[in-house]
Chemist: 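Once you've had a glance at the structure underneath, I'll fire off some questions.
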Amino acid sequence: MRLQRYCLPLVALCALSLTGCVSESTDGSTRVYTYQFWVPMSVLLGGMVAGPAGWFLRLSSARFGWALMIGGLIAALGFAPSLFLDKATVSEQQFTQRTGIWGMTAVHTVNVDQLSHVRLTKEESRGRRGRKNTSYYMICHLKDGSQEKVPLGNSVAEAAAGDFLQVVASHNIPISDET
C-alpha cells in the first residue's frame with residue numbers, strides 16, 4: 001500500500017513530463033504541426049504495458065489493477081491513434097486543424113481571404129466536484145456572417161494558432177484578444 005502511494009504520483013509526473021512535444025515541418029510556405037513520433041508511441045506502449053501489469057496487480061490491489069487494465073486499453077486504443085492523427089497546417093491562404101479522439105475527429109478549415117476578423121476567447125465551466133475548467137478558442141468570423149470556432153486545447157493547436165495569427169495580422173485583419 002505504501003509503495004502504491006508513492007509510485008502512482010511518480011508515474012503521473014513522468015507521463016505529464018513526456019507529453020506536449022510538437023514537431024514543425026515546412027513545405028515551401030506551408031507549415032505542418034504534429035506531435036513528435038515518440039509522444040503517441042509512448043502512450044501506445046504505456047497502454048500496452050499497463051494492461052498486463054494491471055492483470056498481475058489485481059490480486060494484491062483489485063481497484064488499482066482494474067484501473068490499470070481499463071486505462072491501458074483506453075490509452076492504447078483511443079488516445080494513441082488520436083495523437084498520431086492530430087495535425088495542423090498553416091499557409092498564407094489557409095489554416096486547417098484535425099483534432100479529437102479517434103472516431104470523433106473534428107476538422108476545422110479557415111481561408112484567410114474569407115476572414116473579416118478573429119477573436120481569441122476563453123470559456124470557463126464547472127466540472128465534477130466544482131472544479132473550474134478553462135478552454136481557449138479562436139473564433140474566426142467570416143465575411144458571409146458565419147463563424148468557425150477552433151478549439152486551442154492541445155499543444156499542436158496552440159503552436160499552429162500562433163503562426164496563423166501572424167498570417168492574419170500580415171493581411172491587416174483585426175484580431176481581438178478577449179482572454
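Index from 1, following the sequence.
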Chemist: Check whether any side-chain heavy atom of F84 lies under 4.5 Å from a side-chain heavy atom of M41, and answer yes or no.
Modeler: yes

Chemist: How close do G72 and A50 get, heavy atom to heavy atom, and via which atoms?
Modeler: CA-CB, 3.8 Å

Chemist: Does the side chain of T34 come under 3.5 Å of the side chain of D86 through a donor N or O and an acceptor N or O?
Modeler: no

Chemist: We want to know whether E148 and H108 form a side-chain donor-acceptor pair, criterion being a heavy-atom distance below 3.5 angstrom.
Modeler: yes

Chemist: According to side chain to side chain contact (heavy atoms under 4.5 Å, CB included), who are the partners of N172, at least two apart in sequence or on a separate chain?
Modeler: none

Chemist: Suppose we screen for side chain to side chain contact (heavy atoms under 4.5 Å, CB included). Which residues come up paired with N133, at least two apart in sequence or across chains?
Modeler: S125, R131

Chemist: Give the cluster check for V49 versus F64: same hydrophobic cluster or not, with ILVMFWY residues linked at side-chain heavy-atom distances below 4.5 Å.
Modeler: no

Chemist: Grab the two heavy atoms, one from P151 and one from A157, that are nearest each other, plus how far apart they are.
Modeler: O-CB, 3.8 Å

Chemist: A160 and V90: which non-hydrogen atoms are nearest, and at how many Å?
Modeler: O-CG2, 3.5 Å

Chemist: Taking only residues two or more places apart in sequence or in another chain, which ones pass side chain to side chain contact (heavy atoms under 4.5 Å, CB included) with Q114?
Modeler: N111, L142

Chemist: Could you check L165, V168, V167 and say which one makes a side chain to side chain contact (heavy atoms under 4.5 Å, CB included) with I173?
Modeler: V168

Chemist: Below 4.5 Å, heavy atoms only, C-beta onward: do S135 and E124 meet side chain to side chain?
Modeler: no

Chemist: Is there side-chain contact between V110 and F164, with at least one heavy-atom pair below 4.5 Å?
Modeler: yes

Chemist: Please confirm whether the backbone N or O of D113 pairs with a side-chain atom of K143, one donor and one acceptor, at under 3.5 Å?
Modeler: yes

Chemist: Evaluate the side-chain proximity of Y137 to K122: yes if any heavy-atom separation is below 4.5 Å, no if none is.
Modeler: no

Chemist: Tell me, please, which residues at least two apart from S29 pass side chain to side chain contact (heavy atoms under 4.5 Å, CB included).
Modeler: none

Chemist: Sequence neighbours excluded, which residues qualify as side-chain hydrogen bond (donor to acceptor under 3.5 Å, both in side chains) partners of D177?
Modeler: T179

Chemist: Is it possible for you to say whether M138 and Y136 belong to one hydrophobic cluster, with membership spreading through side-chain heavy-atom contacts below 4.5 Å?
Modeler: yes

Chemist: Any salt bridge between E123 and K149, counting N to O under 4.0 Å?
Modeler: yes

Chemist: Counting only heavy atoms not in M69 (residues, nucleotides, ligands), do more than 12 fall under 6.0 Å from its CE?
Modeler: yes

Chemist: At their closest point, which heavy atom of P81 faces which heavy atom of A76, and how far apart are they?
Modeler: CD-O, 3.6 Å

Chemist: Give a yes or no on whether L45 and L85 share a hydrophobic cluster (residues Ile, Leu, Val, Met, Phe, Trp, Tyr; joining criterion: side-chain heavy atoms under 4.5 Å apart).
Modeler: no

Chemist: Can you tell me which residue among H171, Q93, Q94 is in a side chain to side chain contact (heavy atoms under 4.5 Å, CB included) with V112?
Modeler: H171

Chemist: State, with a plain yes or no, whether a side-chain heavy atom of V43 is found less than 4.5 Å away from one of L83.
Modeler: yes

Chemist: Sub-3.5 Å donor-acceptor pair from the side chain of D27 to the main-chain atoms of T30, do we have one?
Modeler: no

Chemist: Does Y35 reach the side chain of V156, with side-chain heavy atoms less than 4.5 Å apart?
Modeler: yes

Chemist: I'd like to know if the side chain of R58 and the backbone of A62 have a donor-acceptor N/O pair within less than 3.5 Å.
Modeler: no

Chemist: In Å, rounded to the nearest 0.5 Å, how long is the span from CD1 of I175 to CZ of R119?
Modeler: 13.5 Å

Chemist: Any idea which heavy atoms bring A159 and V22 closest together, and the distance?
Modeler: CB-CG1, 4.2 Å

Chemist: Residues in ring pair (Phe, Tyr, Trp, His ring centres under 6.0 Å) with H141, at least two apart?
Modeler: H117

Chemist: Could you see if V39 belongs to whatever hydrophobic cluster contains M48? Use Ile, Leu, Val, Met, Phe, Trp, Tyr and a side-chain cutoff under 4.5 Å.
Modeler: no

Chemist: Starting from the C-alpha separation in whole Å, work towards a yes-or-no answer on side chain to side chain contact (heavy atoms under 4.5 Å, CB included) for V150 and Q97.
Modeler: CA-CA 8 Å; V150 180; Q97 178 186 359; 2.7 Å; yes

Chemist: Between L57 and W66, is there shared hydrophobic-cluster membership here, with clusters defined by ILVMFWY side-chain heavy atoms closer than 4.5 Å?
Modeler: no

Chemist: Between I74 and F79, is any pair of side-chain heavy atoms under 4.5 Å apart?
Modeler: yes

